[in-house]
Structure formats: structure tokens, C-alpha cells
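Only one structure is covered here, and it is reproduced in the block below.
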Amino acid sequence: MKKTENTRLLDGTLMRTAGFEALRKLDPRVMVRNSVMFMVEAGAVMATVISIQGALAGTTDLSVLVQITVWLWFTVLFANFAEAVAEGRGKARADSLRSTNKETEAKKLPSGDKNDIERVASSHLAPGDFVLVEAGDVIPVDGEIVEGIASVDESAITGESAPVIRESGGDRSAVTGGTRVVSDWLKIRVTAKPGESFLDRMIAMVEGAQRQKTPNEIALNILLVGMSIIFLIVVVTLEPFALFSGTSIPLAFLIALLVTLIPTTIGGLLSAIGIAGMDRLVKANVIAKSGRAVEASGDVDTLLLDKTGTITFGNRMADAFMPLKGISERELAEAAAIASLADDTPEGKSIVELAGKLFDFHGDKASLTKAIGFSAETRMSGADIGTDEFRKGAGDAMRGYAEPGQQATELGRIVDGIAKSGGTPLVVAKNHNVLGVIHLKDIIKPGIRARFAELREMGIRTVMVTGDNPLTAAAIAAEAGVDDFLAEATPEKKLELIRQEQEGGRLVAMCGDGSNDAPALAQADVGVAMNDGTQAAREAGNLVDLDSDPTKLIEIVRVGKQLLISRGALTTFSIANDVAKYFAILPALFIATYPQLGALNIMGLASPQSAILSAVIFNALVIIALIPLALRGVQFTPGSAAALLRRNLLIYGLGGLIVPFVGIKVIDLIINAVGLV
């Protein structure tokens, strides 16, 4: 999916599909879900009836009535179009996923025995059934590996072409239906019902078919409904006041006033903003199980991040050679490199690379007389060249092989210093004589400190979770720049920490991939499960990262923040641009009775009819003008809530005041120039 090109806003096929969908959404049973736009549609229907009656009666203002009616319908259509475009972008991505979700033949194991195979359609499998998949087979349904190890091509889901290893008994035991086994075989226990697999849920969420309104969205809807009812009461009472003043206001003009005063801009774009937020997550290769999770990620106060693989690379690497007195650093480096020539672990390779980088060491494994592999019993490894022995290992293990003699105190000081700094000391000896210590270090990922500083600017507290001892954890936390750490973490400790944060009124996000992470993922407000993790973890989380990249949690927070900021910015703009409409329409309605209201016609609009028509046209066009912004989202820059509010008010509040004055005036000049009134 990552390799798929993003659907462009101006894609012709998307525009045509969205146009048809906008018409289909005119169904009142669909429109009633959006109370603001339902009110606009009701007004358009009434205006249509009035226009027909006016045509039959020969009304003098028929041209203006018809134009108002047309633009009211356009207002509804443009709002529907915005939602349809957002949904269409999701459906385009869902189509590529759906192509992988085909009926396949499965090798069911009725008795659980590999040799007892019954071929059935994948739709006939039920949770608890066992299936066998071999090289070249498509995995028919979601499941948990109970036996075997194999390479699995997950490109249909993740977009990554490189196969991944899946095996039983670990944190990489979950498999997804629609992926393909490249080598070896797997025995899988089915965990999903037909039509309820992970891929099925992905398709439904990407399409927006099951998108439920989030709490903030519901609250904003209530506010918009309240404002609409208030304006409805105001508009309804205008006619009695007009009659009392000896004049009458055409019903179509009152409808136009109501539609332009209620918050139609944000009412028309609200759904599109929510759908687009989920679409941006999909672009980041993250699937949300609910819109609530996307929104909650924007309100997160505390981030729990695993140390290994997230903050650090996860592999200890050689950082320095620290010789004892009388031993040169080159001598120590060469001895350490020779002891590591046959060591194919990341640690061993890093020692050889560091020696080559510092002292141009070029060793050849073929020159070794004997290679000594690491074992849990000896806790040391090395190699022999001729009669020379080169060994490296843990400090206590090396004491049984070599004694530092008079330099024992210095060796202890070096070893303790490395341990206190969060590193791992490896003692090196040649022919039973200690030469010095290799400083192995779990390397912090480049730029991670800056990212944590960025999160701090957002007001988000970062907590590193690690199984290391407190001393090592403190050293790495200080180097990485996290705000706090949880050392010697267990599932119970993670759960306890999350509950403590939540009891303090904070929203918590965390990521995990193992079954032992499932309780914490379920408890967290935003639980990001790794796609290559266990089935338990994927079920417990409310977001699934298809790339299985723990650092994606930071990107998810940015998307959530952008969603909330976009909604707030467009709400501010929508409410602010009503001010210009007061100056356009209210004087136009009452200027005949109260000529003094002409002073409020600060835009110098040509006539009452053109003023009303200009306001209605602007009200419709501004929705379609803001569709790209609603889909793309307002640009997010880290900062405090106060700074974001100031920016919102300055750009979208002040802009919402100024743009309508300019826009309505320009439209007024155009419609008078072409003689539309």
C-alpha cells in the first residue's frame, strides 16, 4: 500500500465519482445526519417552491429568487461533494486492499495433523480451525502460528517487498489473510470469522464506511446545531418586526439570511475533515480501528516509548577501546578485532569496524587457526592465531581466564565507569593477559533527541520503557532527552504507570507488539500495535502500524494534532465570516423602512437584491474553496496551546473577517456588471 500513488484531488475519475455521490447524498435520510446542511437543504426546497409560485404569479424579483434557489442547492451539493471526495480517496485505497481479499482454497487440518488435509474455501473456516500453508500458498485468513517458521511476503498489506520471518511461540506469530508464504511452511490456528478479518476491518475503516463521529466532533455538532437554532429563532422573528415597521420581507430573502448566518462552512466540511484525518494516517501506513483513536492521538499528554528499536537501534555497538596502563589503544583494538573476526553478531562486527576505522585494521577470518564461539557457560568468545589466544567476554567471566594483576583496580574502575554510563563492558585478553576493555553502547538513533524536544514543545511528556536496570536506564534516558523512564518494566508495571497517568487526567499513548503488551495497549487511550506482533497485541490496540515501526507513534501524534487544529481553524473561519454577511444582508432587508441603515452598507453594495445574492453565492463558493484545505489539513507547527490559539485567531479569525468583505464585494461587482440583477 505504501507504494501506491496517493489519489490526487483533481483526479478526473475521483471528481466524477464524487459528483455522483454528492447527488446521491441529497437524500433527506442521508442529509439528516448533518443537521446544519439538512437545514440548508430544507431552505433550498422551500426556495424552489417559492420560485415556482413566483414564476406562475409573474413576480418581479423572479430572476433573483431563481438565482438564490440555485445557489442554495449548490451550497448543499458543495458540502456533499467535500465529503464525497474525502470518502472517494479512502475508497481508492480500499480497492487495492480489496483486490487481495479474495476467496482462496485452504488446506484445513480437521484433526490438527499435517498429513490429514481437507481442501475447503477460506470462507468456510471458523475460529479454532487449523490450516497448513506451504511455500507459494496464500494465507487464507488471520491466524496465530502454532508450529513452523517461514518467510512471508506481506507486500499486499504493508507495501514492503522484502519478506519477513514469522514463527510460532514469539512476538512474531500473527499472520494476516491475503499475505503469501515464500518459503517453508506454517501451521496456523484461525482467529477471525469470515468477513471479520483484519483486512476486512482495514477496508471498512479506509473507506470510511464504519467511521463513527468522535466525541469532539459530536460536541462541535451540538454547538453548530445550537447556533443554527438561535439564528432560526432570530430570522423567524424578523418578519413580525418588519410587519410592525410597515414593511414585508420576502420569504426567500429570509431563507437566504438564515443559510448565510448559520455555520454552513464548517457544517459542510466537518465530515470531510474527519475522514481526511484517517486518510492521512493511511498514507503513513497506519490503520485506525476508530476515529476516536485518531482524535485522541491529538490530545495525548504522555507518550510511552520502548527503548529498544525505538529510542536506540537495539544492537549494542563498539564505541571505544579503553586500554590499561602500558597498553596502547592500537594493541587493544587489534586484539579485540582478532577476537571478533569469527563473531557474526552485530556486536562482533561493530568491533571489527571500529578497529578498521580508527587504526585501519584489515583482518581475515581465513588467518584464524581456531574460532571460539560464545557460549552461555563460558560467557566469552575469541580466536586463536598460531599459539596466540585472543579472548573477549564479560568482566566476571574473564577473571577465570586471565588476571589483570596489579592493574585490577584500574580495570574495575573502567568496567564500573562504563556500566554507570549505561554501556556494556567487554574485557579483552591476549594469552591470558588483560589488555583493556571495549565499551559497547546501545546507540541512540540520530535525531531522536530533537524529536523529543519537539514533543516537549507540544506539551507532551515522554517516558522511556525498558527492561534495563535503573542505572543503565537513567544514562540512556539522559542521552536521549526523554522526560522520564520506567526501568525493569513488566506488564504489570506498564499497566500501573498508564493508570496513574490517566488518574491524573492525562491521555496516554503507547506502542507494543507482544502478548505481554496487550493489557497496556488496551488500557492506553491510544494503543499502537505493530502489524508483525502477536494477534493479542493487534486486537488490544486501536491503531495498527503496518510498517511495525515504533517511532511511528510520534507521526501519529502529529496527524492527530493536525486533525484537531484543522477542525478548530475552519470552525474559527466559519464563525468569523458571518460578520460580513450581517453588513451585507441586514441593511438590504430593512433599508427601505430605515434609510439610516445605509450607513452599515460599508461595502457599498449596489442594491438589496445584489447584496443578498452576493452573500448567498459567497457562502456556497467558500465551501468548495476550502475543500483542499480540509483534505490536506492545516499545517501543524509544534507550540503551546496559547501560541496555536493566537495563530488560529490571527490567520483564520482575522482572515474569516476580511475575506468575506472582499469576496462579497467582488461578487457584487460581477453580478451587476453582467446584469444578473
Give, for atom [atom1] of [X] and atom [atom2] of [Y], the distance between the pair rounded to the nearest 0.5 Å.
X: S340; Y: I438; atom1: OG; atom2: CD1; result: 5.5 Å
X: N433; Y: K430; atom1: CG; atom2: NZ; result: 9.5 Å
X: S381; Y: L426; atom1: OG; atom2: CG; result: 8.0 Å
X: L324; Y: L332; atom1: CG; atom2: CG; result: 8.0 Å
X: R166; Y: D184; atom1: CZ; atom2: CG; result: 14.0 Å
X: Q500; Y: L495; atom1: CD; atom2: CG; result: 10.5 Å

Show the nearest heavy-atom pair for residues [X] and [Y], with the distance to one decimal.
X: A478; Y: R449; result: O-NH1, 2.9 Å
X: P425; Y: I418; result: N-CG2, 3.7 Å
X: I444; Y: A480; result: CD1-CB, 4.1 Å
X: I498; Y: L304; result: CG1-CD2, 3.7 Å
X: Q502; Y: D525; result: NE2-OD2, 3.2 Å
X: S183; Y: A135; result: CA-CB, 3.9 Å

Return yes if some donor-acceptor pair links the side-chain N/O of [X] with the main-chain N/O of [Y] below 3.5 Å, else return no.
X: N431; Y: E389; answer: yes
X: R391; Y: A383; answer: yes
X: S350; Y: A318; answer: yes
X: K561; Y: G298; answer: yes
X: T466; Y: A487; answer: no
X: R180; Y: G136; answer: yes
X: D545; Y: V286; answer: no
X: R280; Y: Q562; answer: no

Do [X] and [Y] come within less than 4.5 Å of each other through their side chains, counting heavy atoms only?
X: V465; Y: M510; value: no
X: M530; Y: V528; value: yes
X: T409; Y: R413; value: no

Is a salt bridge present between [X] and [Y], judged by a nitrogen-to-oxygen distance below 4.0 Å?
X: K365; Y: D343; value: no
X: K357; Y: E353; value: no
X: K107; Y: E134; value: yes
X: E454; Y: R558; value: yes

Checklist line | Sequence neighbours excluded - ring pair (Phe, Tyr, Trp, His ring centres under 6.0 Å) pairs with any residue from residues 426-449 | finding: Y401-H432
Check: Among pairs that include at least one residue of residues 345-371, which meet ring pair (Phe, Tyr, Trp, His ring centres under 6.0 Å), considering only residues two or more places apart or in two chains?
Finding: none
Next item on the list: Take I385 and L368 through the test side chain to side chain contact (heavy atoms under 4.5 Å, CB included) and record every step on the way to the result.
Entry: CA-CA 5 Å; I385 296 181; L368 301 179; 3.8 Å; yes
Given [options], the one that forms side-chain contact (heavy atoms from CB on, under 4.5 Å) with [X]:
X: L132; options: I188, L109, D137, L186; value: L109
X: T462; options: V482, I554, D484; value: V482
X: F452; options: L305, D483, L303; value: L305

Checklist line | E457 CD: over 12 foreign heavy atoms closer than 6.0 Å | finding: yes
Next item on the list: Just do the side chain to side chain contact (heavy atoms under 4.5 Å, CB included) check on F321 and I351 with the steps written out, would you?
Entry: CA-CA 9 Å; F321 297 111; I351 294 170; 4.2 Å; yes
Margin query: Under the criterion salt bridge (Lys or Arg N to Asp or Glu O under 4.0 Å), I'd like the reasoning laid out for E334 against R330: C-alpha separation, chi angles, the key distance, then a yes or no.
Written below: CA-CA 6 Å; E334 290 180 351; R330 173 184 285 274; 3.5 Å; yes
Next item on the list: Quick one: do D301 and E501 satisfy side chain to side chain contact (heavy atoms under 4.5 Å, CB included)? Show the steps, please.
Entry: CA-CA 9 Å; D301 301 295; E501 292 288 323; over 6 Å; no
Note to self: Show, in sequence, the C-alpha distance, side-chain angles and deciding distance for E496 and R499, and conclude whether the side chain to side chain contact (heavy atoms under 4.5 Å, CB included) test is met.
What the structure shows: CA-CA 5 Å; E496 182 182 354; R499 286 173 175 166; 5.9 Å; no
